[in-house]
Amino acid sequence: MDYDFKRIEEEWQKAWTDQKLYRADMKTPREKYYVLEMFPYPSGRIHMGHVRNYTIGDVVARYKRLKGFNVLHPMGFDAFGQPAENAAIKNNTDPEAWTLKCIEWMKKELLRMGFSYDWEREISTCLPEYYRWNQWIFLKMYEKGLAYKKASSVNWCPSCETTLANEEVVDGGCWRCHTPVREKELEQWYLKITDYSDRLLADLSQLKNWPERVIAMQKNWIGKSFGVEIFFKLEDGGVLRVFTTRPDTIFGATYVVLAPEHPLVKELIAGKRQEQEVLGFLEKVAKESKTARVAADVKKEGRFTGAYCVNPVNGEKLPVWVADYVLMEYGTGAIMAVPTHDQRDFLFAKEHGLPMKVVIQPADEPLLVETMTAAFETEGVIVNSGKFDGMPSEEAKKKIGQWMEEKMTGKVAVHWRLRDWLISRQRYWGTPIPIVYCPSCGTQPVPDKDLPVRLPKNAAFTGEGGSPLAKSREFVETVCPACGQKARRETDTMATFIDSSWYFLRFCSPRCENEPFDKKEAGYWMSVDQYIGGIEHAVLHLLYSRFFTKFLSDLGYARIAEPFDRLLTQGMVLKEGEVMSKSRGNIVDPDAIIKNYGADTLRLFILFAAPPEAELDWNDKGMDGAWRFLNRVWRLADGISRGTAPSASDRLNAGPSALMKKMHQTVKKVTSDMEGGFKFNTAISSIMELVNEIYKLPEPEQCSQEAAQAVRVIVLLLAPFVPHISEEMWRMLGGQASVFTAAWPLFDPGLLIEEEASYVVQINGKVRSKIVCPADMPEQEVQKAALSDPRVKEWTAGKTVKKVIIVPQKLVSIVIS
RNA sequence: GCCGAAGUGGUGGAAUGGUAUACACGUCGGUCUCAAAAACCGAUGGGCUCACGCCCGUGUGGGUUCGACUCCCACCUUCGGCACCA
């Protein structure tokens, strides 16, 4: 008889909820442990990615609970976002009602998986009691000058009809719908994340328990580069500032290039012979999309402006060009070109017949412009550079920078790739930006006492461009908080990544009414000890959350530098090596699996099939395997619950049995797998070995008292992975209270000591024999035993033994000539 | 180009420098059965051998070592991030 997963799972889910087993509070001397999984967007249904993410988190939470920690394990919904609004446009529904319905469905599915959440802490970011604090935080940033509005060229998704942050543009397309992003000139709200560039980069080194690749991705994204800003005097007057990371090549500069958008271009060409041609070029570049312009294989184009500037280090007169390969957004929007030592400059100079000059060459051979086929970009020795000649180029990098600073011809500078965070969205279903525009007072923040600025209930969702908020008179028309005159509200809403940038703090005191979160609660629970989620948030959410945490910490609220102590990025769930997706039609629906096998089998399969960080290929046969294993354990527990037989009498005097030893070894192995980085797959496999060990006993022995003891331990070890069946078996075996109020088993190190050691005997590195010796046999004796082994004798006959190496309890390695 | 991760049986995957392939899937064989399913037991890297065994084998080529999937050097391939970033 297979075990009745349906009854068991339903019964225990209800019992756990009724008992409020997972409720967390501060009133306990036990050490706190905050485990959090990235909360979902409430699409209404969970998918395998959620199942994997949340199962991993649940195992951690349950394990830590068994280990005696005071565990906080909350769940909520990242509930603002476009799908609700799109549904509103399509079906004429209310986004809020639609979202709340989806949350209800989704919550049901999460409950069916048996996840141990403290549902009393549930939050939904679309509710005013949550989003008012988004507004509050925004206003604090506004107060500190960190939230500001500026007109700029922004990323625009024509399909979503809204702006996007840099982080939301993936391969030139919208992260959500992949539509190619366009540029648009708009006045928008930004958060000054760049004020935190330094700390966001430096504090990455504190994150010792984050995956290296996430650290690397954030470093890449922040993109700090050291260099020098060099001042080139223009012939027509004024100074041109150029940023370079290669000051060691300054003597080799033969021309200077401006980005087409550079404000100086038009000034420089005014009245010159080249004016019309350059203007035409600027126009042409302006028409090109950024993605096309930035494509690697496109030929670089440029024009001479007719202007000249002076190289401050040697007084050489350099022509000023404008070219499409220089970007306004990076550095100063102007570069010095050194064709001999920069490949792009090299190609451009060849194309336009510009001069070249070698200033670095390999130590052993001179470099000649005439024979160069590519730029020499590696380290070398400085030449043709006045007093720096003969210096290694790496040293010259520093020295030249310093020298230019002294001579006031440049200054050492740092440039960042990170841009400020564009947060305005021209959509309805998000947090209204709490700003009022008054004809007399200008931009006015909404006072705290007037928060939240609520979304209007009856907005019109026509889908015909523009935000529904802008069309809602009830919303737009207001009075100026400063002077009381008629004024209008900002109609953009905030990017939804704002919502998830501090929700982990809200979970500490989700019902807090006069602050975003209670400082004492946050002080107790934060930081998150273990955070678990997908790698897709490596830059976006994880960078924004770090920024918000630092800001709130500066305000005196969070008092921690980093929000997430340990981070685990779980691998994707694939089907036949491909991502599961609707378009591929290869989705495995968790709900159907739960119906056929139960939540425990699904959890076990997902945990067993691959390590948590690795990709996991879905396999129906693997599900069968997990199901078979649970039934194997179930039958043991069932047999034992019907009465145990005494253990074979001769065991009593013969010391601990093989089974008891194996049991203690298993406890040790599973515990170390859990502590040493959540190696669930190998933890489960060692439990399987212990189960197999019991099955190998003659049948009556399978319900002996020793077997009963082993099965009780198995149930405890399995509890974090498969909670329902474990709880049921625990009660069958006599447990009075929940297995989750029990303690994680300990192992007896004394029982791990073997009396006999089995030695592998290697001859010249190859295994030739095995011998068994008493564990405490001295090395001399072991060596003797090995050398007198008949198989070893055969191999050593007629040879000289040159060396014998003994690894205690393990192996004898014999070297013969 | 820079940065990061990874290459192990038919498959998913195990292995503090010490018996490579634990555990599981699949396959084959057996027990039970009138039969099948389920369950239980056994075998299962490749080659040679009647057999005891022997040889080869962790992407490739070197090196260190008594001993290398593991450490070092040089490559190859795959995946991911960044990138006309000056």
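Throughout, protein chains are lettered first and strands after them, A, B, ... in sequence-line order, and every chain is numbered starting at 1.
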With sugar-phosphate meaning primed atoms plus P, OP1 and OP2, does A:Gln762 contact a base, only sugar-phosphate, or nothing at under 4.0 Å between heavy atoms?
base
For A:Lys397, the salt bridge (Lys or Arg N to Asp or Glu O under 4.0 Å) test, sequence neighbours excluded, returns A:Glu394
Which part of the nucleic acid, if any, lies within reach of A:Gly331 when heavy atoms closer than 4.0 Å are counted: base, sugar-phosphate only, or nothing?
nothing
By the 4.0 Å heavy-atom rule, please label A:Asp624 as base, sugar-phosphate, or nothing.
nothing
Pairwise salt bridge (charged side-chain N to carboxylate O under 4.0 Å, His left out) hits with a residue in residues 204-231 of chain A, at least two apart
A:Asp198-A:Lys224, A:Glu229-A:Arg241, A:Glu229-A:Lys411
Grab the CG-P distance between A:Asn619 and B:G12 for me, whole Å please.
10 Å
If the condition is ring-ring contact (aromatic ring centres under 6.0 Å, His included), which residues does A:Phe251 pass it with, not counting sequence neighbours?
none
How does protein contact run along nucleotides 36-57 of chain B, one letter per nucleotide 5' to 3', with B for base contact, S for sugar-phosphate only, - for none, heavy atoms under 4.0 Å?
---SSS------------SSS-
Grab the N/O contacts between the protein and nucleotides 69-78 of chain B below 3.5 Å, and write none if there aren't any.
none

Centroid separation under 6.0 Å, is that true for the rings of A:Trp618 and A:Phe605?
yes
Proximity of A:Tyr330 and A:Trp416 rings by center, below 6.0 Å:
no
Anti or syn, where syn is a glycosidic angle within 90° of 0; which label fits B:G29?
anti
Once salt bridge (charged side-chain N to carboxylate O under 4.0 Å, His left out) is applied, what residue pairs with a partner in residues 243-260 of chain A remain, sequence neighbours excluded?
A:Arg246-A:Asp248
Under the ring-ring contact (aromatic ring centres under 6.0 Å, His included) rule, collect the residues that match up with A:Phe5, sequence neighbours excluded.
A:Trp627
For A:Lys803 and B:C66, what is the distance between atoms NZ and P respectively, to the nearest whole Å?
4 Å
We want to know whether A:Asp638 and A:Tyr3 form a side-chain donor-acceptor pair, criterion being a heavy-atom distance below 3.5 angstrom.
no
Would you mind classifying the nucleic acid contact of A:Val815 as base, sugar-phosphate or nothing, using non-hydrogen atoms under 4.0 angstrom?
sugar-phosphate
Contacts satisfying salt bridge (charged side-chain N to carboxylate O under 4.0 Å, His left out) that involve residues 537-546 of chain A (not counting sequence neighbours) are A:Arg546-A:Glu562
Let me know the distance between CD of A:Gln218 and P of B:C82, rounded to the nearest Å.
12 Å
Given atom CD1 of A:Ile694 and atom P of B:C23, what is their separation to the nearest angstrom?
16 Å
Here's a test of your reading of the structure: between A:Val760 and A:Glu689, which maps to the more 5' nucleotide of RNA chain B?
A:Val760
Positions of residues 333-348 of chain A (non-hydrogen atom under 4.0 Å from RNA chain B), listed by number:
A:Ile335, A:Arg344
Under 4.0 Å between any heavy atoms, over every strand shown, what does A:Thr244 touch: base, sugar-phosphate, or nothing? Just pick one.
sugar-phosphate
Nearest-Å distance once atom P is located in both B:U60 and B:U11:
16 Å
Below the 4.0 Å mark, does B:G18 have OP1 or OP2 next to a side-chain nitrogen or oxygen of A:Lys810?
no
For B:G9, the Watson-Crick or wobble counterpart (both distances under 3.5 Å)
none
Please confirm whether the backbone N or O of A:Thr254 pairs with a side-chain atom of A:Glu316, one donor and one acceptor, at under 3.5 Å?
no
Who are the ring-ring contact (aromatic ring centres under 6.0 Å, His included) partners of A:Phe232, not counting sequence neighbours?
none
Nucleotide of B:G81, B:C23, B:U19 approaching A:Met688 most closely (side-chain heavy atoms)
B:C23
Give a yes or no on whether a donor-acceptor pair under 3.5 Å exists between the nucleobase atoms of B:U19, that is its base, and the side chain of A:Lys770.
yes
Could you check which of B:A86, B:G81, B:A14 has an atom nearest any side-chain atom of A:Leu327?
B:A86
Pairs satisfying salt bridge (charged side-chain N to carboxylate O under 4.0 Å, His left out), at least one member in residues 686-700 of chain A, at least two apart:
A:Lys662-A:Glu689
Given B:C66, B:A14, B:G4, the nucleotide with the shortest approach to the side chain of A:Arg213:
B:G4
Residue A:Ala216, side-chain heavy atoms: nucleotide from B:U19, B:G4, B:G81 that is nearest:
B:G4
For nucleotides B:G4 and B:G13, find the distance between their P atoms and express it as a whole number of Å.
24 Å
Who is the Watson-Crick or G-U wobble partner of B:G42, with both distances under 3.5 Å?
B:C28
May I ask you to say what A:Pro611 touches in the nucleic acid, namely base, sugar-phosphate or nothing, with a heavy-atom cut-off under 4.0 Å?
sugar-phosphate
Residues in side-chain contact (heavy atoms from CB on, under 4.5 Å) with A:Leu811, at least two apart?
A:Val760, A:Gln762, A:Val807
Who is the Watson-Crick or G-U wobble partner of B:C34, with both distances under 3.5 Å?
none
